[in-house]
Visitor: 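Provided herewith is a single structure, encoded as structure tokens, for subsequent inquiry.
Just so it is clear, the values below take in all heavy atoms, side chains as well, and ignore hydrogens, waters and symmetry mates. Each chain gets a letter, A, B and so on, in the order its sequence line appears, and its residues count up from 1. This structure is a prediction, so every number in the text was calculated from the model and none was measured.
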Amino acid sequence: MKCGLIYDGCLSQAETASVLPAAERFAKGPVAVIECIQDIPCNPCEKSCPHQAIIIGDNITAVPRLQADRCVGCGLCAAQCPGLAIFIVDASYSATEAVITLPYEYYPLPKEGDIVMGVSRSGAAVAKARVLKVRRETAAYGTILVSITVPKKFMHTIRSFRALREADKRIVCRCEEITETEIRLAVRQGANTVKDVKLATRAGMGACQGTSCRREISRIIAEETGASPEEILPPRFRMPVRPIPLAQLAAEEGKND
Amino acid sequence: MSELYDAAIIGAGPAGLRAAIELGKRGARVIIVDENPYPGGQLFKQIHKFFGSSVHLAGQRGFLIGQELMDSAKCLGVEFWLSSAVWGITDHTLAVLHEKNTHEIHAKKIILATGATENAISFSGSTLPGVLGAGALQTMVNLHRVSPGRRILIVGSGNVGLIVAYQMLQAGIQVAAVVEASDSIRGYGVHAAKLRRAGVPVLLRTTILAAAGRNRVETATLAHLDERQKLLPETAWQENVAAVAVAAGLTPLAELAWIRGCAFGNSAALGGFIPLHDADMKTSVEDFFIAGDIAGIEEASTAMEEGSMAGIAAAQELGFCSTEEKDREKKLIYQRLETLRSGSFGHIRQTEKIKIFTKMKGEFDEVRIDL
């Protein structure tokens, strides 16, 4: 099936690229990403902006244009957009994390500090996120703005969130505390061997070296890829196959001298 | 005996209320009749924010707009007859079933703002309890707070299907999918995007084959269509759902206009047969106006503008406002309507409306039902 907003309800990569402000702008701090690409008759975003950063004009079916240098990322437009199509992305939050502020209209509301699952435009789980702020704007007629922190590499991917499910909490690799969902996500992103999953998630890299989780990881890969379990080979084994004190390694090193 | 009103309006939705307000504020004696126990038409179940221009209530939720319209109409002394069904019409008289008895209402001008009805589609099991119109489901959940069940299916990806699906999620009801027979999403992409973020699939070239269950819907059988819309029976699968909500478009509710002898035109884009009318919302019958979905299926914002137009035009004919005032207001209304009817979603309606206006001038054959 063709991709794009009118075919699957999600912006395609090209459509996403067309709505993103320049990369340099993201580095400067929070900025609005207006995911509105159809000529529908609507303009509350333009009027909501105290900095005149959004331009639609008299012809209200025109698509909103963001003047990114004027936008301060306040979120008033996101709270007022009837289409729930505006997001505030703050790439300056920390070296590794970005903050996404999104409009939210479901109960129960999340609480600040909650760990949730960040999901993509198509509702697929992407990465865990933390609720930073839950804010109610009076002009928003009830729409809540929720700010979540996400890994920076997903700041253009995550556009909503859901509560953690049982599988999101179910730990497969107990040494590294890697959940079933995290492993499934890695497989969906292309890791289709136990080794790939290990490299992507650290599952199997802990004290037990995969003894307890290896089979489970194979099973999950088989489920996700449709391969039969016997096709999923174990990872390459390396010494030491049991945890040993570092001193032992040092001693071995000494013997060879 | 009953008295003579300046204007009787049938239908207390956005069009009827706006017409009542325009007449009422110019001093006309107005009665508004609606078969529902509450005024506002479909506005009170619209819990989403409306699109449109921010100078005209856009961004506000539908039910708040309904409240505002009702309050203004009541302040202006408009008389409301609710739970009252207009069942007949002759000349300037309406037959109304009101408080268990038929009453006559006489009015110098009649404005028909009866709205539309949902289109049903038939498939195996489509008469089972649990198969219902998407609008009906919206009323059930948003107004009466009754859940149709844990998990439902929506058929049709126009704005009604997409919006109702989202509101079901807000009510804590799972939506198995929104299915659409054509090969693109019919409503606004932003509505579909909200559903997709919540994990709801929107399946194109997909149709419902059957609903089944003991005494009520328990499963729905779906299948894909090929690029020529031919059914691919081998693709059929079942979803466990407690309800199937059909959002297959709307048809204008125009029985009273047919009876009154209005000339009709047909426009598929506007929902089928609609009474011909001019830009003042006057039909081919003297003193008889229409506004809102009966004049072509659009949305609440256009219905309000058309209602204002009909109200002002009727007020002018009644002598409550000057021709200059009417023309001034009309110009503004049509500026706004033109915007609402532009863009890739609206321009077809603009073209079709102009065709209706042109037909009204007699340049095309009219359609009449002989009684």
Side-chain angles (χ1 to χ4, degrees), chain A residues 1-2 4-11 15 34-48 56-63 77 79-87 102-108 117-125 139-143 158-162, chain B residues 47-64 157 159 162 166-167 169-172 178 180 182-205 224 299 301-302 335-347:
Chain A
M1 198 55 85
K2 287 178 272 190
L5 188 64
I6 69 162
Y7 301 112
D8 60 6
C10 309
L11 296 187
E15 286 168 343
I34 306 178
E35 303 198 352
C36 175
I37 61 168
Q38 289 176 315
D39 48 355
I40 55 187
C42 193
N43 71 353
C45 59
E46 181 183 42
K47 307 297 170 204
S48 72
I56 291 178
D58 291 338
N59 173 19
I60 66 165
T61 49
V63 168
C77 54
Q80 287 183 50
C81 169
L84 271 56
I86 306 181
F87 306 85
L102 48 91
Y104 197 74
E105 296 184 338
Y106 298 108
Y107 283 122
M117 180 58 69
V119 303
S120 69
R121 293 180 182 82
S122 62
Y141 297 105
T143 304
I158 291 176
R159 282 297 175 267
S160 188
F161 63 89
R162 59 167 171 76
Chain B
I47 59 172
H48 58 282
K49 293 195 240 186
F50 278 24
F51 289 86
S53 169
S54 51
V55 285
H56 299 108
L57 309 172
Q60 213 179 93
R61 295 188 190 274
F63 68 96
L64 295 173
S157 74
N159 278 334
L162 298 174
Y166 176 62
Q167 293 176 352
L169 298 178
Q170 291 182 300
V178 174
E180 166 61 51
S182 75
D183 49 18
S184 67
I185 293 170
R186 311 314 297 167
Y188 293 166
V190 288
H191 287 315
K194 289 185 285 185
L195 294 174
R196 299 291 286 123
R197 294 200 289 271
V200 175
V202 179
L203 307 174
L204 301 181
R205 265 194 229 145
H224 295 304
E299 70 235 313
S301 33
T302 40
Q335 276 171 7
R336 297 192 291 261
L337 278 172
E338 212 163 286
T339 325
L340 292 168
R341 290 174 180 152
S342 66
S344 51
F345 290 91
H347 79 273

Visitor: Give, for atom OH of A:Y7 and atom CG of B:L204, the distance between the pair rounded to the nearest 0.5 Å.
Guide: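 Going from OH on A:Y7 over to CG on B:L204, the span is 9.0 Å.
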Visitor: Is it the backbone or the side chain of B:Y188 that comes under 4.5 Å from a heavy atom of chain A, or both, or neither?
Guide: both
Visitor: Side chain of B:K49, backbone of A:A140: donor and acceptor closer than 3.5 Å?
Guide: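 Indeed, once roles are kept as given, a pair shorter than 3.5 Å links the two residues.
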Visitor: Measuring from A:D58:CG to B:T339:OG1, what's the distance to the nearest 0.5 Å?
Guide: 8.5 Å
Visitor: Mind listing the closest non-hydrogen atom pair of B:G59 and A:Y141 along with its distance?
Guide: O-CD1, 3.1 Å
Visitor: Between NE2 of B:H48 and CG of A:L84, what distance do you get to the nearest 0.5 Å?
Guide: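 Between atom NE2 of B:H48 and atom CG of A:L84 there are 11.5 Å.
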Visitor: Among B:A193, B:A192, B:P201, B:G199, single out the residue with the greatest number of heavy-atom pairs under 4.5 Å to chain A.
Guide: B:A193
Visitor: Report which part of A:C45 has an atom under 4.5 Å of a heavy atom belonging to chain B: side chain, backbone, both, or neither.
Guide: neither
Visitor: With a 4.5 angstrom heavy-atom cut-off, could you sort out which part of A:S122 is near chain B: side chain, backbone, both or neither?
Guide: both
Visitor: Is it the side chain or the backbone of A:R162 that comes within 4.5 Å of chain B heavy atoms, both, or neither?
Guide: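 Answer is neither: A:R162 stays 4.5 Å or more from chain B.
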Visitor: Of the backbone (N, CA, C, O) and the side chain (C-beta and beyond), which part of B:L64 lies under 4.5 Å from a heavy atom of chain A, both, or neither?
Guide: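 B:L64 touches chain A through side-chain heavy atoms alone.
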Visitor: CZ of A:R159 to CZ of B:R196: how many Å apart, nearest 0.5 Å?
Guide: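 Rounded to the nearest 0.5 Å, the CZ-CZ separation comes out at 15.5 Å.
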Visitor: Against chain B, label A:E46 side chain, backbone, both or neither, depending on which of its atoms sit under 4.5 Å from a heavy atom there.
Guide: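 Neither part, no heavy atoms under 4.5 Å.
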Visitor: Between A:T143 and chain B, which part of the residue has a heavy atom less than 4.5 Å away: side chain, backbone, both or neither?
Guide: both
Visitor: To the nearest 0.5 Å, what is the distance between SG on A:C10 and CZ on B:R197?
Guide: 9.5 Å
Visitor: Salt bridge or not for B:R61 and A:E105, using N-O below 4.0 Å?
Guide: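 Counted as a salt bridge, because a side-chain N and a carboxylate O are separated by less than 4.0 Å.
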